[in-house]
Amino acid sequence: MSWYKPSDVGFAVRSKLADIGMAARLFAQLLRLAGPTLARPALVRDQIHFLGNYSLAIIIVSGLFVGFVLGLQGYYILQRYGSSEALGLMVALSLLRELGPVVAALLFAGRAGTSLTAEIGLMRAGEQLSAMEMMAVDPVHRILAPRFWAGVITMPLLAAVFSAVGVLGGWVVGVLMIGVDHGAFWSQMQGGVDVWRDLGNGVLKSVVFGFTVTFVALLQGYAARPTPEGVARATTRTVVMASLAVLALDFVLTAMMFSI
């Protein structure tokens, strides 16, 4: 005896395809609205303040402790091979290539992504988006686009702050606490970090993560069921889906960048 009817399977597949189509249309519309949105910088500026400044504290604190851990663990590993002077290079490469963009994106999804989803979802539940449509105001243009492009701009800046603070944390542990030579720490870092291959790849990753996390957050809020439970489920889906997307994209981007 079959648990599922063929019609049920077909309906589920059709619903998923419709969701994918709606998401693709929304993403294309947000990209198309880049010019008109950036032509109104006040809206984007306010959202950058909301997404960036309010996420700055957790980014700085997390980056500092990640730098502490990298400095401590890296020293014990490099000491086995008599290469403790390369601690600065190891900390910098770890943060610029991987940990800076990835951890900052995960924190951005947990802090700013959930806030965006809850905000848009509450607008949907309170029928504010429907009221805007009744007044011939496009909610995608007025509400979603400024938040989308603000998130894309904010994410690389937060990743840069995370990496910079992490390097300082590694310096505090390695130089001030353990006693690694100050000059060797910075000279090894300056000599081994390539601007385009290391720093550029990290910036590219953070931009891609900014697109991904912000779009997932706005999509979940825009498509949320107009109930308190629907908004709560959408917020949870934002964290899960954005985090998994960041980790998957990190693997794909790393494989592409370092195989070329």
Side-chain angles (χ1 to χ4, degrees), residues 15-34 37 43-44 47-48 50-52 54-55 58-59 62 98-125 128-129 138-159 162 202-254 256:
S15 299
K16 292 299 180 183
L17 291 176
D19 293 340
I20 294 174
M22 188 271 287
R25 290 196 305 271
L26 180 61
F27 186 72
Q29 189 175 3
L30 291 172
L31 293 180
R32 182 170 52 83
L33 291 172
T37 301
L43 295 176
V44 180
Q47 295 304 318
I48 290 176
F50 174 72
L51 298 176
Y54 293 161
S55 303
I58 188 173
I59 290 292
S62 301
E98 292 295 330
L99 292 179
V102 172
V103 178
L106 295 176
L107 294 173
F108 186 75
R111 165 58 186 86
T114 54
S115 178
L116 286 175
T117 301
E119 184 180 12
I120 303 300
L122 289 175
M123 288 183 180
R124 173 69 72 187
Q128 298 178 33
L129 300 181
D138 185 8
V140 176
H141 187 183
R142 181 62 180 79
I143 302 298
L144 268 65
R147 289 164 173 78
F148 177 75
W149 289 106
V152 172
I153 295 171
T154 303
M155 181 62 235
L157 299 177
L158 293 177
F162 186 96
V203 172
L204 178 60
K205 281 185 178 182
S206 62
V207 172
V208 173
F209 296 159
F211 274 96
T212 303
V213 173
T214 310
F215 177 70
V216 169
L218 293 176
L219 175 64
Q220 293 301 322
Y222 192 68
R225 293 178 57 189
T227 61
E229 182 182 359
V231 175
R233 289 179 179 272
T235 305
T236 303
R237 285 196 302 270
T238 293
V239 178
V240 175
M241 295 179 63
S243 300
L244 293 177
V246 165
L247 296 175
L249 285 173
D250 177 58
F251 170 74
V252 173
L253 292 173
T254 301
M256 293 174 59

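What's counted below: heavy atoms across the whole structure, side chains too, no hydrogens, waters or symmetry copies.
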Using the test side-chain hydrogen bond (donor to acceptor under 3.5 Å, both in side chains), find all partners of R237 that sit at least two apart in sequence or belong to another chain.
-> Q220
Partners passing side-chain hydrogen bond (donor to acceptor under 3.5 Å, both in side chains) against T214 (at least two apart in sequence or in another chain) | none
Rounded to the nearest 0.5 Å, the CD1 atom of I120 sits from the CG atom of L219 at a distance of 11.5 Å
Sequence neighbours left out, what passes side-chain hydrogen bond (donor to acceptor under 3.5 Å, both in side chains) with S206? Give chain and number order.
-> none
Mind checking the CG-CE spacing from L204 to M256? Nearest 0.5 Å is all I need.
-> 9.0 Å
Non-hydrogen atoms of M155 and P101 that approach each other most closely = CE-O, 3.9 Å
Atom CG in L31, atom CG in L26: separation rounded to 0.5 Å?
-> 9.5 Å
Just grab all the salt bridge (charged side-chain N to carboxylate O under 4.0 Å, His left out) pairs involving residues 221-231, residues at least two apart or on different chains.
-> E229-R233
Side-chain polar contacts of residues 105-115 - donor-acceptor pairs under 3.5 angstrom, sequence neighbours left out - could you list them?
from	atom 1	to	atom 2	distance (Å)
R111	NE	Y54	O	3.4
T114	OG1	G110	O	2.7
T114	OG1	R111	O	3.3

Closest heavy-atom pair and its distance - T212, A245 = CG2-CB, 3.6 Å
Here the side chain to side chain donor-acceptor pair (under 3.5 Å) pairs for residues 142-156, sequence neighbours left out, are E119-R147
On a heavy-atom basis, the closest approach of A150 and Q47 is CB-CB, 3.4 Å
Rounded distance (nearest 0.5 Å) linking atom OG1 of T37 with atom CG of L144 = 10.0 Å
Please identify each residue that fulfils side-chain hydrogen bond (donor to acceptor under 3.5 Å, both in side chains) with Q29, with sequence neighbours left out.
-> D138
Applying side chain to side chain contact (heavy atoms under 4.5 Å, CB included) to E98 and not counting sequence neighbours gives V102, K205, D250, T254
Can you list every pair that meets salt bridge (charged side-chain N to carboxylate O under 4.0 Å, His left out) and has a residue in residues 210-221, with sequence neighbours left out?
-> none
Go through the structure and list residues passing salt bridge (charged side-chain N to carboxylate O under 4.0 Å, His left out) with R32, not counting sequence neighbours.
-> none
Residue pairs passing the ring pair (Phe, Tyr, Trp, His ring centres under 6.0 Å) test where at least one lies in residues 213-248, sequence neighbours excluded | F27-F215
Is the shortest heavy-atom distance from the side chain of F211 to the side chain of L30 under 4.5 Å?
-> no
Specify the closest pair of heavy atoms between V207 and P156, including all atoms of both residues, with the distance to one decimal.
-> CG2-CG, 3.6 Å
Got L51 and I153 here, is their nearest side-chain heavy-atom distance under 4.5 Å?
-> no
Should L122 and Q128 count as side-chain neighbours, where that means a heavy-atom distance under 4.5 Å?
-> no
Within a strict 4.5 Å, meaning less than it, do heavy atoms of the I143 and M123 side chains meet?
-> yes
